[in-house]
Structures are given as structure tokens and as C-alpha cells.
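Encoded as C-alpha cells, the structure appears first; notes follow it.
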Amino acid sequence: EVNMFSKYLRFFIKEYLFTLIAAIFVVVYWYSAHDLPFEAIRYSLVITVIAVVFIIWNLVMSVLQFRKVYHEEGDDKEKYDLTFGLTKERIVVIIATVMYGVLVPVIGFFVTTFLYLMGLSYYLGAKNRLIVLIYATVLTGLIYAIFRVWLHVRTPTDLFF
């Protein structure tokens, strides 16, 4: 039988550890960029705002889940599972994302982003190849426009640009 302290500890690790790490990252990230002129920190500011929104969202959802779990009767081990929900699909996404980060400077932004989006879309369930192709093309262009045109962040060049 799992005692109440153990339940609270497992729930805290499962629900709040990521939020705590993300909050520390945002603070360190912003601290490293806050003295720069506005033109130089525009990208940092956007990333910080997005991260703060996700952190707040994660905290709110975690508190709601916490209230739901601890007002239920019984000792459902699934509620306190420490696998962090790492399924085969999530592990593939993590590995693909790490590979994407490594390959962007080598192969270039457009090719790597396009292949990453196509591959993951297909792997995660979008089986219509035309839809996957359109999605990857439009999203790659949108991401490029956001970073290069709006935020003036240079993307790694590749064979085509």
C-alpha cells in the first residue's frame, strides 16, 4: 500500500518537475538577454512570453488534476505512475526532435524542417501523403516567415537557399 506522502511526492514529481525546470530555464534565458536593445531581444521576448504562457497553463492543469485525483476514492496505481507517460510514440518524437536540432546546421533549415514535419506527421497518424506534403510545406514556410521575416533571426542555409 502506498502511503499519502508517497502519493503526494509522486504526483509532485510527475506534474510539477517539468514546470519547475521550464520556469528555471525561462528565468535564466531572460536574465541572459534582458540587457540587450529591444531589436536584439525581440526573439527572446517572444520565446519568454510563449514559455510563461505554457508554464501557467501547465500549473493550472496540474492543480485541477491534483484536486481531481485526491478527491477520488481508491488507490489507482496508474494515477501515480512515474513513467511520465513515455510511450513509444513520445520517445520517437523526442529522438526525432534531437536529430532535427543536430541536423539543421548541417543540412539546413528548409530541408531538415520539411523532412522532420513530414516524417512525424506520417508517423503520428496522418496517412494521406498529399495532406502531409501540404502540411509540411505550409508549416515550413510559416516557421521561416516567423523567424526570418518577422523576428529577423537568420536560419541556417541549405542547398536550396
Exercise. Would you check, one step at a time, whether the test side chain to side chain contact (heavy atoms under 4.5 Å, CB included) holds for T97 with Y116?
Key: CA-CA 8 Å; T97 303; Y116 172 77; 2.7 Å; yes
So if you build clusters from Ile, Leu, Val, Met, Phe, Trp, Tyr with side-chain heavy-atom gaps below 4.5 Å, do [X] and [Y] land together?
X	Y	answer
Y135	V93	yes
F114	I131	no
F110	V149	no
V138	L130	yes
L142	W150	yes

Quiz prompt | Atom of L103, atom of T112 and distance for their closest heavy-atom approach | solution =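 Heavy-atom minimum between the residues: O-OG1, 3.6 Å.
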Exercise. Check V106 against V102 and note the closest heavy-atom contact, atom names and distance.
Key: CG2-O, 3.7 Å
Give every donor-acceptor pair under 3.5 Å between a side-chain atom in residues 117-125 and any protein atom, sequence neighbours left out.
from : atom 1 : to   : atom 2 : distance (Å)
S121 : OG     : L117 : O      : 2.6

Quiz item: Going through the distances and angles, do R129 and L133 end up as a side chain to side chain contact (heavy atoms under 4.5 Å, CB included)?
Solution: CA-CA 6 Å; R129 292 181 184 184; L133 180 69; over 6 Å; no
Quiz item: So, Y144 versus T113: side-chain donor-acceptor pair below 3.5 Å or not?
Solution: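 There is no such pair (donor and acceptor under 3.5 Å, judged by atom type) between the side chains of Y144 and T113.
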Exercise. With side chain to side chain contact (heavy atoms under 4.5 Å, CB included) as the test, would you mind laying out the steps for F109 and I143 before giving the verdict?
Key: CA-CA 10 Å; F109 172 79; I143 293 169; 3.6 Å; yes
